[in-house]
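Let me begin by presenting the structure, written as structure tokens, before commenting on it.
Predicted, not measured: the structure shown is a model, and the values here were computed from it.
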Amino acid sequence: MKKKEVLIIGGSGFVGSHVADKLYDNKYNVTIYDIKKSEWIKKKFKFIKGDIQNVKLVSKVIKQKDIVYNFAAIADLVEAQKNLEETYKINFLSNIKILELCKINKVKRYVFASTLYVFSNKGGFYRSSKEAAESFLIEYAKINKISYTILRYGSLYGPRSDKDNNIYNILNYALKNKKIIYQGNPESLREYIHVEDAARISVDILKPEYKNKSLILSGIENKKVSDLLNMIREILDLPKNSITFKNENYAGRYTYTPYSLKEDLAEKIVPKTHIDLGQGILNTIKYIRSKKNNLT
């Protein structure tokens with residue numbers, strides 16, 4: 001049986017690189033399209049260097065692909081707030097152009113990486129751009145008979161994360177400075193999900209039952225930020241007074257829930273087995289320590 005051809009736009013990044021691995025493990029042929037080549041790309045992957053805004057090049061690489069994932073985005077809330085035009089071009093306009101190419105090339109499934117923030121009145125222009133892209137995608141797919149799946153990721157963490165990831169920043173700072181600083185409300189609740197679990201689900205959703213659906217990918221249980229930070233403090237054997245909270249409304253982040261009163265509904269999909277949060281934190285610490293030059 002011929003292997004299915006998958007294109008991952010933004011496949012060098014944190015989530016995209018893990019999804020690429022899971023697709024490879026499930027016998028898909030993987031092509032990664034990104035502005036940079038990551039160190040995690042397997043030899044059997046095909047890598048093409050390019051910008052998502054280069055429509056001419058994207059149109060070439062998308063040919064004869066069965067499935068297209070789009071992870072390319074300006075995802076940092078502060079960066080999205082500062083760079084409105086780029087946020088519009090990358091998070092929204094590029095998505096439209098990819099949809100048109102999927103239609104032309106008869107792609108069997110388009111998987112769009114979105115965020116839980118679309119349920120919220122928080123998240124600033126990042127949320128606005130993703131919400132607009134989702135809305136356009138659903139309407140476009142309905143009219144043009146394109147199959148899609150929208151993945152709304154929650155609070156991800158794990159190896160291969162970088163300064164754009166909150167838990168990475170907390171751990172990276174704590175390892176270097178022997179103290180923890182959190183910009184936000186200590187009572188905030190998050191449903192943390194390890195990137196390995198999220199990546200596994202991101203491949204499982206290619207099953208027919210997840211076609212034309214919006215899905216939530218987040219952790220199984222709510223965790224208070226203060227409890228998470230105390231867990232990290234104990235793991236790193238730091239003193240009790242090593243945690244500092246800067247209680248401020250930081251870049252539009254939500255406190256208790258990303259949900260606001262909207263009619264949009266989505267299914268939540270969780271892993272049948274999952275990586276324990278404590279084990280996941282240890283796993284991430286090991287990754288950061290292996291990258292000693294990251295301790296800046």
Distance-only polar pair, side chains of S114 and E134, donor-acceptor under 3.5 Å:
yes
Could you check Y24 against F45 for ring-ring contact (aromatic ring centres under 6.0 Å, His included), going step by step and ending with a plain yes or no?
CA-CA 8 Å; Y24 177 78; F45 292 173; 5.6 Å; yes
Of all heavy-atom pairs linking S12 and D34, the shortest is N-OD2, 2.9 Å
Quick check: is V68 connected to I150 through a chain of hydrophobic side chains (ILVMFWY, heavy atoms under 4.5 Å apart)?
yes
With a 4.5 Å limit on heavy-atom distance, are the side chains of S155 and I193 in contact?
no
L93 backbone acceptor or donor facing K97 side chain under 3.5 Å
no
Rounded to the nearest 0.5 Å, how far apart are OG1 of T87 and NZ of K130?
10.5 Å
Quick one: does S135's side chain have a donor or acceptor within less than 3.5 Å of a partner on E131's backbone?
no
Is a salt bridge present between E191 and K268, judged by a nitrogen-to-oxygen distance below 4.0 Å?
yes
Can the ring centroids of Y157 and Y168 be said to lie less than 6.0 angstrom from one another?
no
Show the nearest heavy-atom pair for residues F14 and S161, with the distance to one decimal.
CD1-N, 3.4 Å
Does the plane of the ring in Y69 sit parallel, tilted or perpendicular to the ring in F71? Use 30° and 60° as the thresholds.
parallel
State, with a plain yes or no, whether a side-chain heavy atom of I216 is found less than 4.5 Å away from one of L116.
yes
N95 side chain to N91 backbone, donor-acceptor under 3.5 Å:
no
Hey, could you give me the CD/CG distance between E79 and L84, rounded to the nearest 0.5 Å?
11.5 Å
Look at K89 together with E85 and state whether they make a salt bridge at an N to O cut-off of under 4.0 Å.
yes
Check against side chain to side chain contact (heavy atoms under 4.5 Å, CB included), N172 and L175:
CA-CA 5 Å; N172 194 37; L175 286 167; 5.6 Å; no
Is it possible for you to say whether I9 and L101 belong to one hydrophobic cluster, with membership spreading through side-chain heavy-atom contacts below 4.5 Å?
yes
I62 vs C102, side chain to side chain contact (heavy atoms under 4.5 Å, CB included): CA-CA, chis, key distance, verdict:
CA-CA 8 Å; I62 209 169; C102 285; 4.0 Å; yes
Return yes if a side-chain donor-acceptor contact under 3.5 Å exists between T149 and R109, otherwise no.
yes
Heavy-atom nearest pair, G278 first then I235, reads O-CD1, 4.3 Å
Is I8 linked to I67 within one hydrophobic cluster, defined over Ile, Leu, Val, Met, Phe, Trp and Tyr using a side-chain heavy-atom separation of less than 4.5 Å?
yes
List for me each residue that meets ring pair (Phe, Tyr, Trp, His ring centres under 6.0 Å) alongside Y210, sequence neighbours excluded, and say none if there are none.
none
Would you say D76's side chain and V78's backbone share a donor-acceptor pair under 3.5 angstrom?
yes
I'd like to know if K142 pairs up with E139 as an ion pair, taking the criterion as any Lys NZ or Arg NE/NH1/NH2 lying under 4.0 Å from an Asp or Glu carboxylate oxygen.
yes
Heavy-atom pair of closest approach, residues L206 and L23
CD1-CD2, 3.9 Å
Checking the side chain of N185 only, and the main-chain atoms of E187 only, is there a donor and an acceptor separated by less than 3.5 Å?
yes
Side-chain contact, heavy-atom cut-off 4.5 Å: I285 with L236?
yes
4.5 Å side-chain heavy-atom contact, I48 and I32:
no
Taking D21 as the fixed residue, which of K42, K44, R200 is the one that meets the salt bridge (Lys or Arg N to Asp or Glu O under 4.0 Å) rule?
K42
Common cluster, V15/L215, ILVMFWY with side-chain heavy-atom separation under 4.5 Å:
yes
Regarding K108 and E5, does a basic nitrogen lie under 4.0 Å from an acidic carboxylate oxygen?
no
Tell me, please, which residues at least two apart from Y153 pass ring pair (Phe, Tyr, Trp, His ring centres under 6.0 Å).
none
Please tell me if the side chains of I281 and I167 come closer than 4.5 Å, counting only heavy atoms from C-beta onward.
yes
With side chain to side chain contact (heavy atoms under 4.5 Å, CB included) as the criterion, how do Y148 and I138 come out once you've worked through the C-alpha distance, each side chain's angles and the decisive distance to 0.1 Å?
CA-CA 8 Å; Y148 69 90; I138 292 168; 3.7 Å; yes
Indicate yes or no for a side-chain donor-acceptor contact from Y117 to the backbone of R152 under 3.5 Å, with no hydrogens or angles considered.
no
Taking it one step at a time, do Y110 and N70 satisfy side chain to side chain donor-acceptor pair (under 3.5 Å)?
CA-CA 8 Å; Y110 177 54; N70 182 11; 3.1 Å; yes
Between S17 and R160, a side-chain donor and acceptor under 3.5 Å
yes
Strictly by modelled atom types, are N105 and K63 linked by a side-chain donor-acceptor pair under 3.5 Å?
no
If you define the side chain from C-beta out and look only at heavy atoms, does anything of K224 sit under 4.5 Å from S188?
no
Give the C-alpha distance, both sets of side-chain angles, the deciding distance and a yes or no for side chain to side chain contact (heavy atoms under 4.5 Å, CB included) between D66 and V107.
CA-CA 5 Å; D66 299 295; V107 170; over 6 Å; no
Does H18 use its side chain to pair, donor to acceptor, with the backbone of P159 at less than 3.5 Å?
yes
Consider only side-chain N and O atoms of H194 and D276, and report whether a donor and an acceptor are under 3.5 Å apart.
no
According to a 4.5 Å side-chain heavy-atom criterion applied to Ile, Leu, Val, Met, Phe, Trp and Tyr, with indirect links allowed, do I201 and V203 form part of one hydrophobic cluster?
yes
Quick one: are V6 and N29 in side-chain contact, heavy atoms under 4.5 Å?
no
Kindly indicate whether the side chain of L228, heavy atoms from C-beta on, has any atom under 4.5 Å from the side chain of Y192.
yes
To check you understand the geometry: which heavy-atom pair defines the closest contact between K49 and L57, and what is its length?
O-CD2, 3.6 Å
How close do S242 and L238 get, counting heavy atoms only, and between which atoms?
OG-CB, 3.4 Å
Counting only heavy atoms from other residues, nucleotides and ligands, does the tally under 6.0 Å from NZ of K22 exceed 12?
yes
Classify the ring geometry between Y182 and F245 as parallel (under 30°), tilted (30 to 60°) or perpendicular (over 60°).
perpendicular
